[in-house]
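Before any comments, here is the structure.
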Amino acid sequence: LIWFCLYTKQWYQRRVRGEADLVRDLLFVFQGIGTSAIRWEADRMCYVPQPGIKLPKTKLDLACKLAELGFLYKQIKSFVDQRLSEQSYGLIGQAFCSAIMHELREYYRLIAILENQNASGKLSLHRLLVWSHDTFDQLRLLSSLCAQAGYLNGGALASSLHTFLQYGDPNFHHLVKKVLHITTRPLLEMLRRWIYEGECCDAYGEFFITVDSDTPEDLLWDSKYTIRPEMLPTFISKQMAERILLIGKTINFIRVVCRDHSPINFPFSTVATTNQGLNDIIGPDLNGHVAEVYKITSSHLISLLKKKYLLCEHLTAIRDYLLLGQGDFVQHLMDLICKDLSGLSSSLQTSMLQSKLETAQRATNAQYHNVDVIRRVSVIKLEESGGDTGWDVFTIDYVLNCPLTVIVNQDSRETYLCIFRMLWKTKRIEHGLRRIWGKTATWERTLPHITRDIRELRHLVNIVCAEMQHFISQVQYYINFEVLECSWKELETAVNTAENLDNIIEAHKRFLGIVSE
């Protein structure tokens, strides 16, 4: 056995003594397969020529340099095999591995050519170096991609790959662009499903938009969909991401909250293979495409709110009833319920007040409002405390349902009630002053023999009432014309020119903020 081992060693040393044998072993190393002459050393993480190779040092150094190609291939192949076995790597990660394997096809083709050259005896170490020169650069770049971007996932992986486009070498730039194009295909499909159908198909948490499935329907617009910053690719700006978020959120709001399943008429095909569809997530076409879809979906929602849910009519009704814009109705209602509100709040019946409110609606121009508007006006009693009169607890409410509660939410409703209470108090003072003037005006007829002192008292009362009436008139003028009318005109303009639902919500909040101040 000892003799056989010694003979085998001597035979192998003679066998690898030639350059052709070393070239043959290097072709195995290029495929990640070590040989007896060039072995893989795990401690040093490289292929090392073994002692016994009788060649000049220059050629051994050249062989070591060429062996680096096998090291790079082994590193890349090991990374791809490991990541493909992990399901948690996600679709974008698997697409990245697929892109790497696609680029290795050229490397396999080179090895096949080199083996053919070696079989014909035309391959030497120097020729091998020349043949593999460009491949060295390619594998080095692929290895860098795997090392720096490979352990990320989702949009973060795409962002890391995108930074490599800053390379000045056009060959490197072209290679990274091909890898990035394949890698972002799943992201492109997620984006397409989101902006066309409002579906967030993200099983592995790779998309830059996240969905909170526990959010109730009435909070869908405010908090169900958010941007995940760590997954936002660098080639998608923050402004574009906000638009993309709004597109899908708008579609879901139309389908879920508005209960509208009519098709949104896009003027182009949504199929990825068509020339009009979105085929590349990187490039100037994405911005224009997203802007067009954003405009179409937002216009569809605003049109739906105005035509089907009568947004403008309901806002006008809130102004007429809660902000006392319907003057004849307010005056007639106060005349009807004045005596009832003067008593204790405990004796008030909401049903009786509601009946008188409906009477005031039928007797004034409020009767010409939309039927849906009229039935939403109701009387509510605030929480009572000891000694309160009806004036202290009476208020009018305007009930809205989804989807309009996104604009006039619970906080806005409470603000409207506070504003109504303040305006109602000024109307009550005005109404009381008119009653006082009416009573004093009848004194001449009812009391023909009044004394001089009473006449002077009546004159003094009239002067004080006139001054109070003037003050109240000035306050009402300021509230109605300097605040409400100007702010309402701005709100009306903002609603008519709004690009999306958020613009309407912000305009309404701004209106309430100005009025409540």
Side-chain angles (χ1 to χ4, degrees), residues 26-35 38-48 64-112 114 132-167 169 171-188 190 202-207 230-231 233-235 281-282:
L26 282 172
L27 293 179
F28 282 104
V29 171
F30 286 176
Q31 301 172 62
I33 303 172
T35 65
I38 305 176
R39 295 179 182 176
W40 171 258
E41 294 190 2
D43 297 338
R44 299 170 62 182
M45 292 295 291
C46 63
Y47 285 99
V48 179
C64 290
K65 180 178 177 62
L66 289 168
E68 183 187 353
L69 198 62
F71 160 73
L72 294 173
Y73 170 76
K74 187 179 183 69
Q75 191 178 41
I76 295 169
K77 190 68 168 61
S78 175
F79 167 82
V80 171
D81 292 341
Q82 176 188 353
R83 302 305 279 176
L84 285 178
S85 64
E86 301 174 3
Q87 291 186 354
S88 60
Y89 196 39
L91 298 178
I92 296 178
Q94 293 178 18
F96 172 64
C97 293
S98 175
I100 296 296
M101 293 301 297
H102 183 269
E103 293 303 319
L104 287 179
R105 291 180 185 177
E106 293 295 328
Y107 181 67
Y108 296 144
R109 188 178 292 110
L110 173 65
I111 292 177
L114 293 176
S132 60
H133 179 269
D134 293 338
T135 307
F136 261 110
D137 295 337
Q138 181 187 23
L139 291 192
R140 285 194 186 104
L141 180 58
L142 292 177
S143 178
S144 298
L145 295 179
C146 294
Q148 296 189 29
Y151 292 94
L152 301 172
N153 63 343
L157 170 60
S159 296
S160 182
L161 292 178
H162 186 254
T163 59
F164 283 87
L165 288 178
Q166 306 302 321
Y167 271 77
D169 190 320
N171 294 326
F172 283 6
H173 187 276
H174 180 67
L175 176 62
V176 173
K177 192 172 182 180
K178 288 196 298 181
V179 172
L180 189 57
H181 179 73
I182 297 175
T183 303
T184 54
R185 282 178 183 172
L187 184 60
L188 176 63
M190 295 177 197
D202 185 20
Y204 301 99
E206 301 173 287
F207 198 38
E230 65 275 11
M231 289 297 170
T234 54
F235 47 83
I281 199 172
I282 303 172

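What you see below is based on every heavy atom in this structure, not just the backbone, and it leaves out hydrogens, waters and symmetry mates.
Listed by chain and number, the residues in a side chain to side chain donor-acceptor pair (under 3.5 Å) with Lys77 are Asp81 (sequence neighbours excluded). Every residue two or more places apart in sequence or in another chain was checked for a side chain to side chain donor-acceptor pair (under 3.5 Å) with Ser160, and none qualifies. The ring-ring contact (aromatic ring centres under 6.0 Å, His included) search around Tyr89 returns none, not counting sequence neighbours. In this structure, the side chain to side chain donor-acceptor pair (under 3.5 Å) partners of Glu86, at least two apart in sequence or on a different chain, are Arg83. With sequence neighbours excluded, no residue satisfies ring-ring contact (aromatic ring centres under 6.0 Å, His included) with Phe136. Applying the side chain to side chain donor-acceptor pair (under 3.5 Å) rule to Glu106 yields the partners Arg109; only residues at least two apart in sequence or on another chain are considered. Legend: residues meeting side-chain contact (heavy atoms from CB on, under 4.5 Å) with Ser144, ordered by chain and number and at least two apart, are Phe164. Every residue two or more places apart in sequence or in another chain that forms a side-chain contact (heavy atoms from CB on, under 4.5 Å) with Leu114 is listed here: Leu27, Phe30, Leu110, Leu123, Leu128, Trp131. With sequence neighbours excluded, the residues forming a side-chain contact (heavy atoms from CB on, under 4.5 Å) with Asp137 are His133, Arg140, Phe172, listed by chain and number. Under the rule for a side-chain contact (heavy atoms from CB on, under 4.5 Å), the partners of Ala99 that lie at least two apart in sequence or sit in another chain are Val179, Ile182, Thr183.
Considering all non-hydrogen atoms of both residues, Gln31 and Tyr107 come closest at N-OH, 4.5 Å. Closest approach of Val176 to Leu161, counting heavy atoms only: CG1-O, 3.6 Å.
The shortest distance between side-chain heavy atoms of Thr184 and Ile92 does not fall below 4.5 Å. Leu69 has its side chain out of reach of Val29: every pair of non-hydrogen atoms, C-beta onward, lies at least 4.5 Å apart. Two residues are said to be in side-chain contact when any heavy atoms from C-beta on lie closer than 4.5 Å; Leu157 and Glu206 fail this criterion. Inter-residue side-chain proximity for Asn153 and Phe96 is flagged as unmet; no heavy-atom pair is nearer than 4.5 Å.
Here the NZ-NE2 distance, from Lys177 to His162, works out to 10.0 Å after rounding to the nearest 0.5 Å. With rounding to the nearest 0.5 Å, the separation of CG in Leu139 from CG in Asp134 is 11.0 Å. Between the NZ atom of Lys74 and the CD1 atom of Ile33 there is a distance of 9.0 Å, given to the nearest 0.5 Å. One distance of note links CD of Gln148 with OG1 of Thr163; it measures 7.0 Å at 0.5 Å rounding. In this structure, the separation between CG on Leu142 and OH on Tyr73 is 12.0 Å, given to the nearest 0.5 Å. Atom CG of Asp202 is separated from atom CE of Met231 by 8.5 Å, given to the nearest 0.5 angstrom.
Ser78 places no side-chain N or O within donor-acceptor distance of the main-chain N or O of Gln75, the cut-off being under 3.5 Å. With hydrogens and angles ignored, the 3.5 Å screen pairs no side-chain donor or acceptor of Ser143 with any backbone N or O of Leu72. One N or O on the side chain of Ser159 and one on the backbone of Gly155 form a donor-acceptor pair closer than 3.5 Å.
Residue pairs meeting the salt bridge (Lys or Arg N to Asp or Glu O under 4.0 Å) criterion with at least one partner in residues 141-156, sequence neighbours excluded, do not occur; the list is empty. Applying the salt bridge (Lys or Arg N to Asp or Glu O under 4.0 Å) definition to pairs two or more places apart or across chains, those involving residues 88-105 are Glu103-Lys178.
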Walk me through whether Phe235 and Leu165 qualify under side chain to side chain contact (heavy atoms under 4.5 Å, CB included). CA-CA 11 Å; Phe235 47 83; Leu165 288 178; over 6 Å; no
